[in-house]
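Residue numbers start from 1 in every chain, and the chains themselves are labelled A, B, ... in the order their sequence lines are given, proteins ahead of strands. All heavy atoms count here, side chains included; hydrogens, waters and symmetry mates do not.
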Number of protein chains: 2
Amino acid sequence: MRDLTFCSALHGEEHIRLRQLLTHVQYDGHSTIFHEAEEADYVFNVTSGSVKLYKLLGDGRRQITGFLFAGDFLGLALNLTYSYTAEAIEPVTACRFPRQKLERLFDEFPRLEKRMLGMAVDELAAAQDQMLLLGRKTAKEKVASFLLMLARRQEHRGVNDAAIEVPMSRSDIADYLGLTIETVSRTLTQLRKEATISLKDNKHIEAIGLSMLEDLAEGL
Amino acid sequence: MRDLTFCSALHGEEHIRLRQLLTHVQYDGHSTIFHEAEEADYVFNVTSGSVKLYKLLGDGRRQITGFLFAGDFLGLALNLTYSYTAEAIEPVTACRFPRQKLERLFDEFPRLEKRMLGMAVDELAAAQDQMLLLGRKTAKEKVASFLLMLARRQEHRGVNDAAIEVPMSRSDIADYLGLTIETVSRTLTQLRKEATISLKDNKHIEAIGLSMLEDLAEGL
DNA sequence: CGGTTTCTTGAGTCGCCTCAACAATTGTGG
DNA sequence: CCACAATTGTTGAGGCGACTCAAGAAACCG
């Protein structure tokens, strides 16, 4: 299994000092962890549950910029304020670090900062993939890419389950893919009729073969 | 004027060591600086000209993930390979750093790494804004946001010109905004007819008032 | 169970895309 | 410097994929 938290896989002293900083926190489903433009006093490490990140336009249009699961890092904006809102999809537990103290620890242990930079770079690559999806993929390709992303991250977390867990609502999926809930629903129905997936229930989807999703996702 | 390069605004020793690493390089317009999936041996700092970054789908659909101008940093993927292609739009000059040597310098001067992390975080915030644009904005809002972005970055570079410099082709703009060239062209015409902008020539656009663009960009 | 929310499905519409022609600009060799 | 070709940008007509609006089905929940 991969290291699931920021704290783990670190050596003695660093680990101890990190543990001194963190507070364990919990959030119910649908509760807000922090708001866009709020002062960024903390960074988080999700230990269980799932989180959505989103930005809003003036008239309420919403774009979900990412989903987080156990092991994911949250709030690495080193700016003064958060650049998006973070909300729990299902009950969430997390480790919370005071940002300033964490930054001071960076000076002492540059290793930590390297780790942080690595995570930022990974997120950046994911963001670029998502831009390609939003700008250039069809509804079917978007939904296939989304399911594939969930499957891969689930595997990465060490969950060994044939069914893909889909904790988010159709509305969340739509706002993540730049579609409407109706189009998401219709596309899932279409994939089911084409026998690419089977819907066990609304929160669990089974891919008949991941390779079929992969081909769809890349428009092949 | 703001510090335009990675090297500048650094103190004595760091600055000297950085200068020892860098090579000055030039690229003609339309020439490729590096390809997606190529080994990421170098990072760059653009000193003049402009660059586009893009990703491709199997069938040739393209998404431009960003434009770079003087002062911008390029290739901060600390991964093994570049995650996108970088191509010069107009003749480009840049400083080139061997990635491995630069990383070793990070160990010596954590300050440099902090700087790098800060840049990655800024890029991440920009990427999230772009996701909102691609997923949820209309063609008109997209074009207005694009012009506004160019105007702000031009100002940030210290260029004091009423006209917005637009070095990229309609095709590049389209692939950046998730539109077609025809829609970009029509939208610019529409903005001109509504007296929001005036087109001096294809590479220079004047905004009648930035606030009109700001309102359009946010869908107000 | 009823009431509420979420999801699905259908019918009709619209914004952006496609295809096509033309205009403007750029580049090239004489 | 001009003639010509090639490229890039504009405009129009028509089509289509995803959206809107609306109704019903399913799931959730006290």
Side-chain angles (χ1 to χ4, degrees), chain A residues 28-30 52 57 59-64 87 89-91 133-147 166-194 197-205 216 219, chain B residues 28-30 52 57 59-64 87 89-91 133-147 166-194 197-205 216 219:
Chain A
D28 293 335
H30 301 282
K52 60 188 174 197
L57 283 173
D59 60 0
R61 278 174 288 173
R62 185 178 68 153
Q63 179 64 41
I64 292 187
E87 197 177 311
I89 292 173
E90 23 167 26
L133 177 147
L134 289 168
R136 287 298 178 223
K137 289 189 184 178
T138 64
K140 197 170 171 183
E141 290 163 356
K142 285 177 176 182
V143 171
S145 303
F146 170 69
L147 292 174
V166 186
M168 60 289 288
S169 67
R170 296 289 183 269
S171 171
D172 288 340
I173 299 173
D175 284 346
Y176 180 64
L177 298 177
L179 298 170
T180 59
I181 45 180
E182 293 95 330
T183 299
V184 171
S185 182
R186 275 187 253 271
T187 306
L188 286 171
T189 303
Q190 190 193 352
L191 290 176
R192 182 168 44 75
K193 287 184 178 163
E194 291 172 0
I197 59 170
S198 76
L199 282 76
K200 308 186 73 168
D201 63 71
N202 278 337
K203 302 291 181 203
H204 295 87
I205 293 177
L216 276 177
Chain B
D28 292 336
H30 302 282
K52 60 188 173 196
L57 284 173
D59 61 0
R61 278 173 288 174
R62 186 177 67 154
Q63 180 64 42
I64 291 186
E87 198 177 309
I89 292 173
E90 23 167 26
L133 177 147
L134 290 168
R136 287 300 179 221
K137 290 187 183 179
T138 64
K140 197 171 171 182
E141 290 163 356
K142 285 177 175 180
V143 172
S145 303
F146 170 70
L147 292 174
V166 186
M168 59 289 286
S169 67
R170 296 290 183 267
S171 171
D172 288 340
I173 299 173
D175 284 346
Y176 180 64
L177 298 177
L179 299 171
T180 59
I181 46 180
E182 294 94 329
T183 299
V184 170
S185 182
R186 276 187 253 270
T187 306
L188 285 171
T189 302
Q190 191 192 351
L191 290 175
R192 183 168 44 75
K193 286 183 178 164
E194 291 172 359
I197 58 171
S198 75
L199 282 77
K200 308 187 72 168
D201 64 69
N202 277 336
K203 302 291 182 203
H204 295 87
I205 293 176
L216 276 177

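Using a 4.0 Å heavy-atom cutoff across all strands shown, A:N202 reaches sugar-phosphate atoms only and no base atom.
A straight line from CD1 of A:I173 to C1' of C:dC7 spans 11 Å, rounded to a whole angstrom. The CD1 atom of A:I181 sits 12 Å away from the C1' atom of C:dT9 (whole-angstrom rounding).
A close approach under 4.0 Å does occur between a side-chain nitrogen or oxygen of A:T183 and OP1 or OP2 of D:dC19. For A:R186 and C:dT8, the shortest distance from a side-chain N or O to OP1 or OP2 is not below 4.0 Å. Contact between the side-chain N/O atoms of B:S169 and the OP1/OP2 oxygens of D:dT8 is not found at any separation under 4.0 Å. Between B:S185 and D:dT10 there is a side-chain N or O to OP1 or OP2 distance below 4.0 Å. Between D:dT20 and A:T180, no contact under 4.0 Å exists linking OP1 or OP2 to a side-chain N or O.
Residue-to-nucleotide proximity on DNA chain C shows that, of B:K203 and A:V184, the 5′-proximal contact is made by A:V184. Both A:R136 and A:K193 lie close to DNA chain C; mapped to their nearest nucleotides by heavy-atom distance, the more 5′-ward contact belongs to A:K193.
With contacts defined as side-chain heavy-atom distances shorter than 4.5 Å, the pair B:K52/B:M168 does not qualify. With contacts defined as side-chain heavy-atom distances shorter than 4.5 Å, the pair A:R192/A:I205 does not qualify. Put simply, the side chain of A:V143 does not reach to within 4.5 Å of the side chain of A:T183, judged on heavy atoms.
Considering only side-chain atoms of A:L179, the nucleotide from D:dA18, C:dT9, D:dG9 that sits closest is D:dA18. With D:dC21, D:dT10, C:dC16 as the choices, the nucleotide that has an atom nearest any side-chain atom of A:E182 turns out to be D:dC21. The side chain of A:L199 lies closest to C:dT8 when the candidates are C:dC16, D:dA18, C:dT8.
The NZ atom of A:K142 lies 10.0 Å from the OG1 atom of A:T187; values are rounded to the nearest 0.5 Å.
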